[in-house]
Amino acid sequence: MPDASENFPNVPAVPSVDHGNPTCPLTWEKFIGQAMADYESPLIGYASTILNDIDLARDVVQDTFIRLCQQDIAKVRHGLKSWLFTVCRNRALDILRKNKRIQPLEDIQWREIAGPDLQPDEQADRKEISSRLETYLDRLSPNQREVIILKFQQGLSYQEIREITGLKTGNVGFLIHTGLKRLRDILPDDVRL
Amino acid sequence: MQLHSEDPRLTAYVLGELEPEEAAAVELAVAADASLQAKVAEMKGIQQFLTERLVQPADKLLPRQRENIRRSARRADSGTKVIPFASLRGWLIPAAAAAALALATFIVIRMPSDKPLPTTSAKPAPPEISQAPAPVAPPAPAPPAWFPPDTAAAPPALDLPISSARDNLAVISQWVHEDRRLPPPQDIRLEEILNNFALRLHGVSAIARAPANTWHPDERANAMTSHIATVSTEMIPCPWKPSATLLLISIRGNDQKDCDVKISFHPDLANVFRYRLLGFQPVEGSPPGNLPAKLPANSVTTLALVVEPSTPAGNLGSLEWSADDKPAPAISLARKSDAEPSDDARFAGLVCTYAEWLAAGQEGVIDAEIVAALAREIASTTLAPDRADFLNLIDRSLNL
């Protein structure tokens with residue numbers, strides 16, 4: 001996952017956008033376009049794991065980007081990835097809290113997480129493995145599950161996970177360590193191979 | 001460095017999360033301990049397994065969602081404050097509905113008691129209507145025209161005017177987009193704003209057809225020539241007063257010929273407390289006389305009435321109408337508590353709420369929040385360009 005600051009090398013420091021200046025190198029439209037290109041799918045994937053609903057996840061991600069349009073680029077560009085995931089997470093959890101028809105965080109069912117670019121037989125194999133992996137991931141604590149998803153599916157660093165979840169960095173490391181240990185203990189060999 | 005096989009730093013080392021100095025120290029410790037080397041190898045295996053299996057999905061936003069975001073970005077570029085209508089189809093609908101319900105509940109609690117106008121006639125005086133384009137309006141808005149049924153006299157009815165004018169929306173747009181000000185309340189013509197949108201209502205409809213023997217021989221093969229006018233209705237909870245019903249009436253004329261449509265609302269005295277036609281405020285200079293009834297060819301006009309029921313269920317009355325002086329089938333206004341409002345009726349409800357807010361017709365009852373909440377709800381559906389423009393107009397209006 002590229003660093004946000006690398007994605008926007010031309011972003012001016014202050015002011016964020018010179019609205020009346022046609023020579024300004026960065027417009028919101030370009031900024032948002034680049035952000036969407038980099039983070040649209042990861043955010044949808046992340047929101048889907050929380051909401052277990054692809055349509056709701058898309059809605060959350062749309063709202064996340066619209067909220068981004070209301071920010072000062074200078075304030076969010078250096079931590080754009082963390083900002084996006086944080087807002088996306090909060091919006092998704094808001095929905096979970098407000099919409100009782102959706103399962104609470106503790107009962108999240110993992111949606112299909114196999115990649116889309118595989119051959120049909122590979123997809124079938126991975127689907128089966130993923131389905132079984134979901135079963136084992138669901139046996140972790142919600143915090144362990146979330147940090148493992150953020151680490152291994154989204155490729156985020158401990159620091160980024162800390163910023164998104166509000167956990168302390170040490171706690172993030174400990175949760176990943178204990179989560180992996182738990183997975184090692186419960187994953188059968190045929191799933192891991 | 002002293003490490004044991006279950007030290008979290010070993011995991012952090014495998015995942016590349018340690019600072020260089022600490023990573024170097026762990027590396028030395030691992031190199032000196034076979035059990036640690038085995039643990040590191042196992043950790044790398046599970047890391048690889050999870051990284052491969054927890055593949056990033058490639059789901060994308062829908063085209064309309066991407067366009068919504070781009071539109072917000074363009075607004076930000078133009079320096080416009082963005083109100084996040086956030087067309088979040090799935091989850092925002094209940095959220096917006098809940099917000100609207102909470103607002104409506106609050107409104108009901110603090111709503112002033114509307115005192116009915118004293119009425120001595122069984123048939124209330126018909127409201128006068130504006131001429132398009134709207135002439136200069138009087139400084140003081142007209143009082144609310146509530147028509148309580150008079151049980152001491154003959155059954156009352158409210159004759160409804162037919163107006164196909166639609167210019168007022170452009171006037172409002174000019175005020176908001178170009179002058180960057182809200183228009184004066186007396187300049188608002190709800191009936192003209194409604195006429196800008198082709199609304200397909202999902203309630204009871206009735207069609208007036210010309211008798212076959214009146215057809216010109218050349219027209220007999222064309223079934224459309226028999227159609228004079230269609231009246232469609234739908235009832236939804238009044239957005240700013242949920243205990244009341246917003247009765248929407250859409251009248252569509254012939255595609256090729258003008259027609260005269262006379263229509264009147266006959267309330268059911270057992271179930272209606274009072275009712276009011278929205279819009280059609282008296283305008284200085286408009287002549288008294290018969291209500292306009294001319295419906296130009298290929299045009300649609302929509303009327304909106306607020307009906308306050310006195311009972312929780314039952315028939316609110318009927319619409320009796322004629323087309324080109326020929327009686328048409330009456331429409332019974334039976335309430336259905338489980339009826340889901342159509343998208344067009346909900347949009348009409350937003351139009352009415354926005355216009356009443358601009359006109360201060362429900363001052364103290366409708367505020368910007370309820371308009372915004374309704375707009376968000378409407379924004380959650382796929383919108384035609386003219387309706388999207390209308391939402392933009394509301395967006396601008398709320399930011400002035």
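A note on names: the letters A, B, ... follow the listed sequences, proteins ahead of strands, and every chain is numbered from 1.
- Rounded to the nearest 0.5 angstrom, L50(B) CG and L180(A) CG are separated by 6.5 Å.
- Proximity to chain A is absent for every atom of L10(B), based on heavy atoms less than 4.5 angstrom apart.
- Residue-environment remark: NZ (K60(B)) exceeds the threshold of 12 foreign heavy atoms within 6.0 Å.
- Residues W28(A) and A73(B) share a closest heavy-atom pair of CB-O, 3.4 Å.
- A heavy-atom distance below 4.5 Å is not found between the side chains of I32(A) and R70(B).
- If you take CD on Q62(A) and CG on L62(B), they are separated by 8.5 Å, rounding to the nearest 0.5 Å.
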Yes or no on side chain to side chain contact (heavy atoms under 4.5 Å, CB included) for H177(A) and R9(B), after CA distance, side-chain angles and deciding distance? CA-CA 9 Å; H177(A) 173 77; R9(B) 288 178 295 180; over 6 Å; no
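- With contacts defined as side-chain heavy-atom distances shorter than 4.5 Å, the pair L187(A)/F49(B) qualifies.
- Rounding to the nearest 0.5 Å places CD1 of I66(A) at 9.0 Å from CZ of R71(B).
- Residues L61(B) and I44(A) approach most closely at N-CD1, 3.6 Å, considering heavy atoms.
- For the atom pair NZ (K39(B)) and NZ (K181(A)), the distance works out to 7.5 Å, reported to the nearest 0.5 Å.
- Here E17(B) is the residue among E6(B), R66(B), E17(B) with the most heavy-atom pairs under 4.5 Å with chain A.
- A heavy-atom distance below 4.5 Å is found between the side chains of D59(A) and Q65(B).
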Give the intermediate values and the outcome of side chain to side chain contact (heavy atoms under 4.5 Å, CB included) for residues Q47(B) and F152(A). CA-CA 8 Å; Q47(B) 176 197 18; F152(A) 295 102; 3.7 Å; yes
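- Remark: L175(A) CG to T11(B) OG1 distance equals 11.5 Å, nearest 0.5 Å.
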